[in-house]
Amino acid sequence: MRPDDSNVRRSICPRCGLPSAEGLCPKCLLASTTLLSCPRMVELVICATCGCQLVQGRWQIVEIPLEELIFRAVRGSVGVHVDLMDAQIDVSISQRGSTRYLAKVSVEGRILGLEAKEECEIEVRLRREACDRCSKMAGKYFEAVVQLRGSGRSPTQEEISTAENAAHQLAQSEYRRGDRLAFIQEIKPTRGGVDMVVGSAQLGRQIASLLHETLGGNLRESSKLVGMKDGRDIYRITILVRLPRLRQGDIISIRGRLMEMKGYDRNRAILEDLLDGGRHYIPAEEADVKRVLSVRQSAKRSVIVAADESAVEILDPESFQAVIAPRPKHIHIKPGDEVDVIRIGDGFVLLG
Ligand SMILES: [Zn+2]
Ligand SMILES: [Zn+2]
């Protein structure tokens with residue numbers, strides 16, 4: 001007896017004619033489904049000088065190799081069917097010219113219970129331009145000048161190096177934080193100091209306040225109208241950083257005690273008592289008017305001949321006569337030790 005076919009719902013695929021549960025069979029359904037959608041072309045805009053990339057109208061720092069950048073752009077441009085399971089995407093890139101690349105993309109996975117694979121090719125074009133930052137640097141653009149000067153003296157070589165290092169470091173970190181104009185256009189020695197010409201007013205102010213914090217002194221900012229852009233006034237600022245008269249290593253007397261200048265912390269001078277090593281902070285203006293009695297740089301080597309609790313006998317480094325000096329509480333010494341001493345008035349002081 002033959003089975004009665006009329007009771008079983010049988011359907012055939014309208015495309016290939018093979019049996020199918022309903023409508024197109026999975027094979028034909030798969031054939032008409034797009035698993036991988038690819039643009040014909042991907043364009044990358046890169047700065048010819050610094051290599052940064054224009055993304056949605058904004059220049060961004062690129063910290064990966066160009067190949068990787070292209071790879072990511074291609075990968076980001078393709079769409080994969082949401083129902084494709086265990087999708088595995090492969091991208092291979094080959095260079096076809098100085099600014100042209102070809103990317104081959106393939107995807108494999110499972111869909112409708114079948115293994116499926118699809119491929120596409122994407123043309124990649126590099127457009128090299130000058131970014132906002134590089135074109136401004138090339139055009140000698142600047143918004144601020146930080147002038148480093150001393151009061152009644154020139155900045156020392158050490159202060160100048162400190163200032164230059166600080167400026168370079170700040171320019172780097174501000175650039176990384178997104179200030180596109182955080183660059184140093186020029187550092188030029190001038191009579192009595194150095195001028196640092198920088199791209200952004202913000203960077204100029206940061207450099208000036210860091211110098212003020214670490215080297216002391218005071219700040220004065222002035223601005224000048226230099227033109228208009230898009231209906232707005234354009235100013236250029238000049239910030240004068242006037243370093244204090246006293247420097248590190250200067251020995252002064254505060255309320256009868258000998259102190260060595262150690263540096264500045266904002267508006268305070270940091271001093272160290274030469275006889276007990278104690279730290280003192282006094283207003284910078286108060287220190288600034290004191291007479292410099294000696295400087296650490298003028299210290300000479302001497303030797304301890306004898307020592308008791310409050311005094312030491314040392315050899316005068318010039319005359320080699322034995323002389324008495326106060327014994328500093330914070331320095332460990334014993335007869336025979338070599339020490340640095342400075343002459344102050346007609347006596348000597350040991351330095352730690
Ligand atoms: Zn079919
Ligand atoms: Zn650039």
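Atoms within a ligand are numbered from 1 in the order they appear, just like the ligands themselves.
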For residues 247-259, dump all side-chain donor-acceptor pairs below 3.5 Å to protein atoms at least two apart in sequence or in another chain.
residue	atom	partner	partner atom	Å
Q248	NE2	K262	O	3.2
D250	OD2	R247	N	2.8
R255	NH1	E286	OE2	3.1
R257	NE	D273	OD2	2.4
R257	NH2	D273	OD2	3.0

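For the pair SG of C13 and SG of C25, the angle at the Zn ion (ligand 1) is about 120°; rounding is to 10 degrees.
Annotation: protein N, O or S atoms under 2.8 Å of the Zn ion (ligand 2) (waters excluded) comprise C47 SG, C50 SG, C131 SG, C134 SG.
By the SG-distance test at 2.5 Å, no disulfide connects C47 to C134.
Using a 3.5 Å distance cut-off with no hydrogens or angles, the side chains of H212 and N267 do pair a donor with an acceptor.
The existence of a salt bridge linking R301 and D340 is confirmed by a sub-4.0 Å separation between a basic side-chain nitrogen and an acidic carboxylate oxygen.
The shortest distance between side-chain heavy atoms of S161 and E158 does not fall below 4.5 Å.
In terms of hydrophobic clustering, with Ile, Leu, Val, Met, Phe, Trp and Tyr side chains grouped at heavy-atom distances under 4.5 Å, V194 and L211 are assigned to a common cluster.
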